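See below for the structure under consideration.
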Protein chains: 2
Amino acid sequence: METSGAPRRLRGTASWLLGQATTQAHRLVSEALGAVDARRYHYSLLAALDEFGPASQADLGRRGGLDRSDVVATVNELADKGFVERRPDPGDKRRNIVSVTPSGTAHLRHLDRVLGRAQEALLAPLSAAEREELVRVLNVVLEHHG
Amino acid sequence: METSGAPRRLRGTASWLLGQATTQAHRLVSEALGAVDARRYHYSLLAALDEFGPASQADLGRRGGLDRSDVVATVNELADKGFVERRPDPGDKRRNIVSVTPSGTAHLRHLDRVLGRAQEALLAPLSAAEREELVRVLNVVLEHHG
DNA sequence: CCCACTTGTTGGCCCCACCAACGGTCAGGA
DNA sequence: TCCTGACCGTTGGTGGGGCCAACAAGTGGG
C-alpha cells in the first residue's frame, strides 16, 4: 500500500507476461506459416477437419472457434489450393459439407512439422519438465475458460 | 510412421496451446481495457514512461517494443486525453520529449488495477505455486528471445 | 562541407477477432 | 397447412495489432 516514490512497474504481471510471450509465439508461428503461404486459420480448419472429419461450415467454426464469416474466407482459400472440398449437403440445402482432400492432409502434415519447429524454437530455453508443466498449466487455464 | 487410420490431431502442441491461452488472455485484457476506453498500446506506453521517465518517441518505441508510427498514434490519443505531454526537445530539434501528466499517472494506476483483475480472472484455476511457476517459465522464454 | 544516420510523421499492408444483415432453408407448433 | 423461429452461408464492415516504406527535417562525424 505504501505510496513510495519508487517507480515500481509491473513487468511481473502474469497477464502482461503472457501477452509478451504470446507476441513472441505468435510472431514465430505466423512467420513459419507465412513461409509456406499459410495462416493460422488454415491450420485451425484443417486440423479440425482431420480430427473430426467432414462437417458443415458452421460446425467447423464451432470446432475451431472461428467466426462463420471467417470460415467462408478460409474455406475459399483452402479450396482454391485444392486442400479442401466444398459440396452441398444433399440432406440439408442450407449446408455445405467440407472435407479434406489427400493433398490437404499432406499439407496439414507439413504444417505440423513447420509448427513443430516453431514450437521448438520458442521453447528452446526450457527443460523437458518445464515444457510439460507449461503445457499442463495452459491446459488447465484453457479448460477452465472453456 | 504407421499410417494408421487414427485421426491423431495435436491439441497438445505447445505453440498452439499458447496461442489458444493467449487468445483468452488477449480477450480478457482487451475487454477490460476497452471498458475504460484504453488499449494495450496505451498501457505499454504509460508503463514505459512511468518506469523510465520522459523520453523521445523513438526511445519510447524501443522501450515498449512499439513501432515508431504506432507511437505517434498512441501519443496522439494519450495527449488528447491529457495523460501525456509532448513538447519539442530544446537540445535536438528532431525529437519530441514525451512525459506523463499527474492525470496520466493516476490513469496508469487505474489500468494497473483493471489489468490485475483481468489477470486474476485468467489465472483463477491455478494455485499460487502454479502461477509463480508460470510467470517464471514465461520470463525465461522472454529473456531468451529478448 | 558532405554524408550517413536519426526522428517524427504519413500512409499503407496483412492478420485476426468480431458483428450486423441478407436471403435461403428447415423444423416444429398452432 | 402455414407461420414462426432458428439456422446456414455469404457479404461487408469495424477495430486492434504488428509491421514496413518513404519522406522532410535535423544531427553529427569525417
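Numbers restart at 1 for each chain; the letters A, B, ... are given by sequence-line order, proteins then strands. Since this is a predicted model, take the numbers as computed values, not measurements.
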* Structure fact -> Of all heavy-atom pairs linking A:R86 and A:V72, the shortest is NH2-O, 3.5 Å

* Asked: Out of B:L49, B:V100, B:L46, which one pairs with B:T105 under the side-chain contact (heavy atoms from CB on, under 4.5 Å) rule?
  -> B:V100

* Structure fact -> Taking every heavy atom of A:Q24 against every heavy atom of B:L142, the minimum-distance pair comes out as CG-CD2, 4.0 Å

* Asked: Under the side-chain contact (heavy atoms from CB on, under 4.5 Å) criterion, do B:V36 and B:L111 qualify, and how do the steps go?
  -> CA-CA 8 Å; B:V36 291; B:L111 294 186; 3.7 Å; yes

* Structure fact -> Heavy-atom contacts, protein to nucleotides 12-22 of chain C, under 4.0 Å, summarised as B (base), S (sugar-phosphate only) or - (none) per nt, yield ---SSBBB-B-

* Asked: Are A:Q57 and D:dC8 close enough that a side-chain N or O sits under 4.0 Å from OP1 or OP2?
  -> no

* Looking at A:P125 and A:E130, what are the two nearest heavy atoms and their distance? -> O-OE1, 4.3 Å

* Would a hydrophobic clustering, with Ile, Leu, Val, Met, Phe, Trp and Tyr connected at side-chain separations under 4.5 Å, put A:L78 with A:I97? -> no

* Asked: Yes or no on side-chain contact (heavy atoms from CB on, under 4.5 Å) for B:V114 and B:V29, after CA distance, side-chain angles and deciding distance?
  -> CA-CA 9 Å; B:V114 166; B:V29 167; over 6 Å; no

* **Sorted by number, the residues of residues 82-95 of chain A with heavy-atom contact under 4.0 Å to DNA chain C** => A:D92, A:K93, A:R94

* Asked: Salt bridge between B:D37 and B:K81, side-chain N to carboxylate O under 4.0 Å?
  -> yes

* **Below 4.0 Å: OP1/OP2 of D:dT10 and any side-chain N or O of A:N96** => yes

* To do: Identify, between B:R62 and B:N76, the residue whose nearest nucleotide on DNA chain C lies closer to the 5' end.
  => B:R62

* Can you check the A:R63 CZ to D:dC8 P distance for me, whole Å? -> 13 Å

* Structure fact -> In whole angstroms, the gap separating P of D:dA6 from CG of A:D59 amounts to 19 Å

